[in-house]
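Both ligands and their constituent atoms are indexed starting at 1 by order of listing. Each residue takes its place number in the sequence, starting with 1. Just so it is clear, the model here is predicted, and its values are computed rather than measured.
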Amino acid sequence: MYLRFNRPSLSGKEFEFMRQAVVDGKLSGDGQFTKKCHALLEKELGVSKALLTTSCTHALEMAAILLEIKQEDEVIIPSFTFVSVANAFALRGARPVFADIRADTLNLDETKLEKLITPRTKAIVAVHYAGVGCEMDTILEIAGRHGIPVVEDNAHGLFGKYKERYLGKMGCFASLSFHETKNFTCGEGGALLINDPRYMERAEIIREKGTQRSRFFRGEVDKYTWMDIGSSYLPSEILAAFLNAQLEARESIQSTRKRIWEYYFEHLKDWARDRGVQLPEVPAHCEQPYHMFYLLAPSLARRQALIAHLNTREINGVFHYLPLHLSSMGRQFGGKEGDCPVTEDVSDRLLRLPFYNELTEVDQARVVAALEDFKWSP
Ligand SMILES: Cc1ncc(COP(=O)(O)O)c(C=O)c1O
């Protein structure tokens with residue numbers, strides 16, 4: 001059987017909750033299941049407000065609007081990340097400024113951050129790669145000294161922690177993804193987390209087409225009208241019901257993923273050490289949420305050969321982000337070879353192994369055996 005890189009899994013109550021939404025006759029957004037998801041995220045993470053969105057991309061777009069990002073502004077983002085991080089700000093006319101990453105955690109390199117700051121810098125996006133926390137103390141200290149808001153892109157890291165603090169709780173905003181590849185999913189979905197209460201009211205308006213419809217539905221105003229720019233960023237109750245089932249099952253989902261991650265790590269660490277392959281590094285002060293398992297091959301050629309070899313064993317190993325600064329859009333913003341050397345190197349060498357909740361030990365043993373069989377001839 002072909003081992004896919006990802007398969008979405010059910011946690012048990014998804015259909016029951018979706019059925020309930022249908023029976024209740026409330027399929028548009030912000031019904032009981034959306035409210036339950038909001039309450040669960042706010043209580044667990046301790047954030048001031050959680051708002052479900054139709055994607056992490058849209059949560060980032062909302063953050064860009066809330067921060068009033070405009071033409072000529074600069075936003076510092078890691079080059080090694082998903083295109084939405086750049087797009088959310090470019091859509092508002094801003095210029096992404098590409099930062100390089102650390103060679104250990106593959107997170108934004110905080111030691112190279114300050115020299116990228118200019119009077120035009122209006123935001124810094126800290127992306128917690130694989131849900132392992134960025135060095136937030138340093139990033140927040142630098143940003144704070146310059147009066148620049150930090151957005152945490154926590155697409156990968158719901159329930160991960162940095163120095164005992166939940167990821168998503170430290171920046172002015174954070175974004176979450178519930179895309180089908182994530183630990184918790186509703187197919188396509190996301191959330192905006194707000195830690196600065198000053199943004200709460202406007203966020204609701206932007207999410208509801210630029211109107212105060214949320215307040216109207218709560219009975220706080222007797223009509224709603226066009227107040228601001230905005231869009232339709234709220235997901236339907238069907239999706240919220242699906243997601244609510246997954247969030248309620250968080251303990252069992254996370255313990256399953258921990259087991260899968262640890263199996264790979266235990267069974268591959270000697271093999272990796274002997275072959276110059278780097279496995280994920282999780283600093284002692286970070287609690288990771290076991291989102292993905294990747295390895296860094298010694299070279300691009302080896303990585304490509306490993307992908308091809310896994311394929312012959314019907315195993316789908318995949319690479320990840322291409323450097324944003326070298327994309328055709330990135331080059332239009334001035335990106336060129338050598339700007340972010342760690343990103344360029346890591347992007348060539350990174351390989352992700354199949355990782356999903358229903359992956360069995362038999363499946364994982366197959367992946368490990370296939371890697372062990374790989375011929376490292378020159
Ligand atoms: C770091 C990061 N941010 C944002 C996104 C976009 O997420 P979504 O597909 O929910 O819009 C992704 C996608 O995987 C991602 O990896």
Side-chain angles (χ1 to χ4, degrees), residues 5-8 37 41 50-65 75-91 96 98-102 105-109 123-134 136 139 150-160 162 167-168 171 173-193 207 231-236 239-240 242-243 246-247 280 288-294 318-325 327 329-330 340 343 346-347 350 352 355-356:
F5 162 69
N6 176 65
R7 293 181 87 91
C37 291
L41 291 170
L51 290 172
L52 290 194
T53 55
T54 30
S55 63
C56 181
T57 303
H58 282 166
L60 290 165
E61 285 181 19
M62 284 182 66
I65 297 173
V75 177
I76 299 176
I77 66 169
S79 175
F80 188 67
T81 193
F82 196 66
V83 61
S84 298
V85 181
N87 251 337
F89 297 94
L91 271 168
F98 302 106
D100 206 358
I101 51 167
R102 296 167 54 119
T105 57
L106 317 190
N107 281 331
L108 189 144
D109 186 343
I124 295 166
V125 187
V127 179
H128 304 302
Y129 186 69
V132 175
C134 293
M136 290 306 287
I139 293 172
V150 173
V151 178
E152 290 177 77
D153 181 349
N154 199 24
H156 302 174
L158 179 55
F159 303 128
Y162 167 81
L167 304 184
F173 303 113
S175 55
L176 300 177
S177 175
F178 301 118
H179 178 263
E180 90 170 17
T181 47
K182 305 304 186 296
N183 295 21
F184 305 94
T185 184
C186 55
E188 299 274 0
L192 179 72
L193 307 179
R207 180 168 166 270
S231 191
S232 187
Y233 287 126
L234 69 170
S236 99
L239 292 178
F242 194 101
L243 179 65
Q246 300 239 324
L247 291 176
Q288 62 147 328
Y290 306 100
H291 173 54
M292 71 167 90
F293 196 93
Y294 65 83
V318 296
F319 56 88
H320 209 182
Y321 309 128
L322 300 178
L324 280 178
H325 69 286
S327 62
M329 274 297 277
C340 299
T343 300
V346 159
S347 171
L350 191 138
R352 293 182 291 162
F355 200 126
Y356 50 86

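The single protein non-hydrogen atom nearest to atom 15 (C) of ligand 1 is F82 CB, 3.4 Å, given as residue, atom name and distance. At the shortest separation from atom 3 (N) of ligand 1 among protein heavy atoms lies D153 OD2, 2.6 Å.
F80 contributes atom CZ, which lies 14.0 Å from atom CG of D109 (distance to the nearest 0.5 angstrom). The CG atom of N87 lies 6.5 Å from the CE atom of M329; values are rounded to the nearest 0.5 Å. Here H58 contributes atom NE2 and L52 contributes atom CG; the two are 14.0 Å apart, rounded to the nearest 0.5 Å. Interatomic distance, OG1 of T343 versus CG of L108, reported as 9.0 Å (0.5 Å rounding). Interatomic distance, H325 NE2 to D100 CG, rounded to the nearest 0.5 Å: 7.5 Å. Rounded to the nearest 0.5 angstrom, L41 CG and L176 CG are separated by 6.5 Å.
Interface of V127 with ligand 1, defined as ligand atoms under 4.0 Å from a residue heavy atom, comprises 1 (C). Distances below 4.0 Å separate heavy atoms of S55 from the following atoms of ligand 1: 10 (O), 11 (O).
The neighbour count for F5 CZ, taken as heavy atoms of other residues, nucleotides or ligands under 6.0 Å away, is above 12.
For the pair Y321 and ligand 1, a heavy-atom separation below 4.0 Å is found. Contact annotation: G189 has at least one heavy atom less than 4.0 Å from an atom of ligand 1.
Under 4.0 angstrom from ligand 1, the non-hydrogen atoms of T57 come from both its backbone and its side chain. Heavy atoms of C56 found under 4.0 angstrom from ligand 1 belong to the backbone as well as the side chain.
In terms of polar-atom proximity, S84 is not counted as a contact of ligand 1, lacking any N or O under 3.5 Å from an N or O of the ligand. Residue T81 places no N or O, backbone or side chain, under 3.5 Å from any N or O of ligand 1. Checked against a 3.5 angstrom limit, the closest N/O atoms of H156 and ligand 1 fall inside it. Looking at ligand 1, you'll find an N or O of S177 within less than 3.5 Å of one of its N or O atoms.
Between Y294 and Y129, the ring planes are tilted. Angles from 30° to 60° get that label.
A side-chain donor from one of H291 and N183 sits under 3.5 Å from a side-chain acceptor of the other.
Within the set K182, M292, H179, H291, the minimum heavy-atom distance to atom 13 (C) of ligand 1 is found for K182.
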